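Because the structure is predicted, anything quoted here is derived from the model rather than measured.
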Amino acid sequence: MKDLWVFEKKAIGKGCKNIAGIDEAGRGPLAGPVVSAAVILPVTFRNSEITDSKKLSPQKRQRLYDVIYAQAVSIGIGIVDPIEIDRINILQASLLAMAMTVENLAPRPDYLLIDGIFPISIDLPQQPIARGDALSISIAAASIIAKVTRDRLMQKYHHYYPQFDFPKHKGYPTQAHREAIRKYGYCPIHRKSFKGVKEYV
């Protein structure tokens, strides 16, 4: 098995103690917020099931979400709503949500491992890692927290906009979701700048 602690160990070797993994969920959907999470794990944390959230079943994600919350040193969440996504674009909204997560961590991290290729606007040492959710235990944990948090939000939105059946697709551009938009138009949580929605604005 590959060692998912490689990047964390390198940071520890530089003298860092609180290393936060950061990831987001919800860049691709046509509706709902983008949600980011930052997770600081204790160096004693071990769980062979932790991996990129996209590779896990919903049931396993839920279970690991509880495990991570029970054992993490700290967890921070950042949420950027569709209005802001439309205003600044989804990439900038994702980076903003990631920056928010760091501000919501206590203790404050001294090193950041970020999923992707872009740094965030935080004055801390940081390392963007392409496909980091499959390479870093901290980022993988953050991916699970972000995904479950966003999925739960979309479940709640279903009560307000049941015609879109968000629990089944979480706002992603599935055929059923596109057909619902064609039939009912858009709702307040749709991203009006996204293809598949903007045609109906």
From I12 atom CD1 to N18 atom CG, the distance as rounded to the nearest 0.5 Å:
10.0 Å
Is the closest side-chain heavy-atom distance between E8 and L41 below 4.5 Å?
no
Under a single-linkage definition using a 4.5 Å side-chain heavy-atom cutoff for Ile, Leu, Val, Met, Phe, Trp and Tyr, are I75 and V148 assigned to the same hydrophobic cluster?
yes
Check the hydrophobic clustering (I, L, V, M, F, W, Y; side-chain heavy atoms under 4.5 Å; chains of links allowed) and say if Y65 and I137 are grouped together.
yes
Has the side chain of R191 got a donor or acceptor atom that lies under 3.5 Å from a matching backbone atom of P29?
yes
Is the number of heavy atoms from other residues, nucleotides or ligands within 6.0 Å of CD (E179) greater than 12?
yes
So if you build clusters from Ile, Leu, Val, Met, Phe, Trp, Tyr with side-chain heavy-atom gaps below 4.5 Å, do M154 and V197 land together?
yes
Check: S138 and F45 side chains under 4.5 Å, non-hydrogen atoms:
no
Which atom of P82 lies closest to which atom of G32, heavy atoms considered:
CG-O, 3.6 Å
The reported gap from CG in L4 to CG in L135 (rounded to nearest 0.5 angstrom) is 7.5 Å
What are the two closest non-hydrogen atoms of K192 and K198, and how far apart are they?
O-CB, 2.9 Å
Only one of L105, T149, T101 passes side chain to side chain contact (heavy atoms under 4.5 Å, CB included) with I77; say which it is.
T149
Euclidean distance, I120 CD1 relative to M100 CE, rounded to 0.5 Å
11.5 Å
N/O donor-acceptor pair under 3.5 Å between S74 side chain and A106 backbone
yes
Could you check whether any side-chain N or O of D110 sits under 3.5 Å from a backbone N or O of C16, counting only pairs where one atom can act as donor and the other as acceptor?
no
Run through Y160, Y161, F166 and flag the one making a ring-ring contact (aromatic ring centres under 6.0 Å, His included) with F164.
F166
Hey, can you tell me if H177 and H169 have their rings parallel, tilted or perpendicular (30° and 60° cut-offs)?
parallel
Rounded distance (nearest 0.5 Å) linking atom OG of S57 with atom CZ of R63
8.0 Å
Do other residues, nucleotides or ligands put more than 12 heavy atoms under 6.0 Å from R131 CZ?
no
Nearest heavy-atom neighbours spanning E49 and L64
O-CD1, 3.7 Å
Taking D23 for the side chain and A142 for the main chain, is one N or O donor matched with an acceptor at less than 3.5 Å?
no
Side chain proximity check, L124 to P109, heavy atoms < 4.5 angstrom
yes
Yes or no on side-chain contact (heavy atoms from CB on, under 4.5 Å) for F194 and I90, after CA distance, side-chain angles and deciding distance?
CA-CA 9 Å; F194 276 43; I90 186 59; 3.9 Å; yes
For F118 and I114 the tightest heavy-atom approach is O-CG2, 3.9 Å
Hydrophobic cluster identity match, V80 and I83, side-chain contacts under 4.5 Å
no
Run I50 and I68 through side-chain contact (heavy atoms from CB on, under 4.5 Å) and show every step you take.
CA-CA 9 Å; I50 300 288; I68 295 163; 3.8 Å; yes
State, without any angle test, whether R152 and Q62 hold a side-chain donor-acceptor pair at a distance under 3.5 Å.
yes
When rounded to the nearest 0.5 Å, the distance separating OG1 of T51 from CD1 of I144 is 7.5 Å
Please tell me whether Y200 and H190 form a close aromatic pair, meaning their ring centres lie under 6.0 Å apart.
no
Step-by-step side-chain contact (heavy atoms from CB on, under 4.5 Å) determination, R61 to D151
CA-CA 11 Å; R61 280 198 299 264; D151 285 356; 3.9 Å; yes
What about W5 and I139, same hydrophobic cluster or not, with Ile/Leu/Val/Met/Phe/Trp/Tyr joined at side-chain heavy-atom distances under 4.5 Å?
no
Is H158 close to D165 at the side-chain level, that is, under 4.5 Å between some pair of heavy atoms?
yes
CD1 (I122) and CG (L95) are apart, to the nearest 0.5 Å, by 11.0 Å
Using the side-chain contact (heavy atoms from CB on, under 4.5 Å) rule, take Q127 and Y111 through it: C-alpha gap first, then chi angles, then the decisive distance, then the call.
CA-CA 8 Å; Q127 181 179 3; Y111 199 84; 3.5 Å; yes
Please name the residue in the list K147, K55, K54 that meets the side chain to side chain donor-acceptor pair (under 3.5 Å) test with D133.
K54
Where do P33 and I79 come nearest, in terms of heavy atoms and distance?
CB-CG2, 3.7 Å
Over-ring placement of K10 relative to F7, 6.0 Å and 45° cut-offs
yes
Please report the shortest heavy-atom distance between Q155 and H159, naming the atom on each side.
O-CD2, 3.7 Å
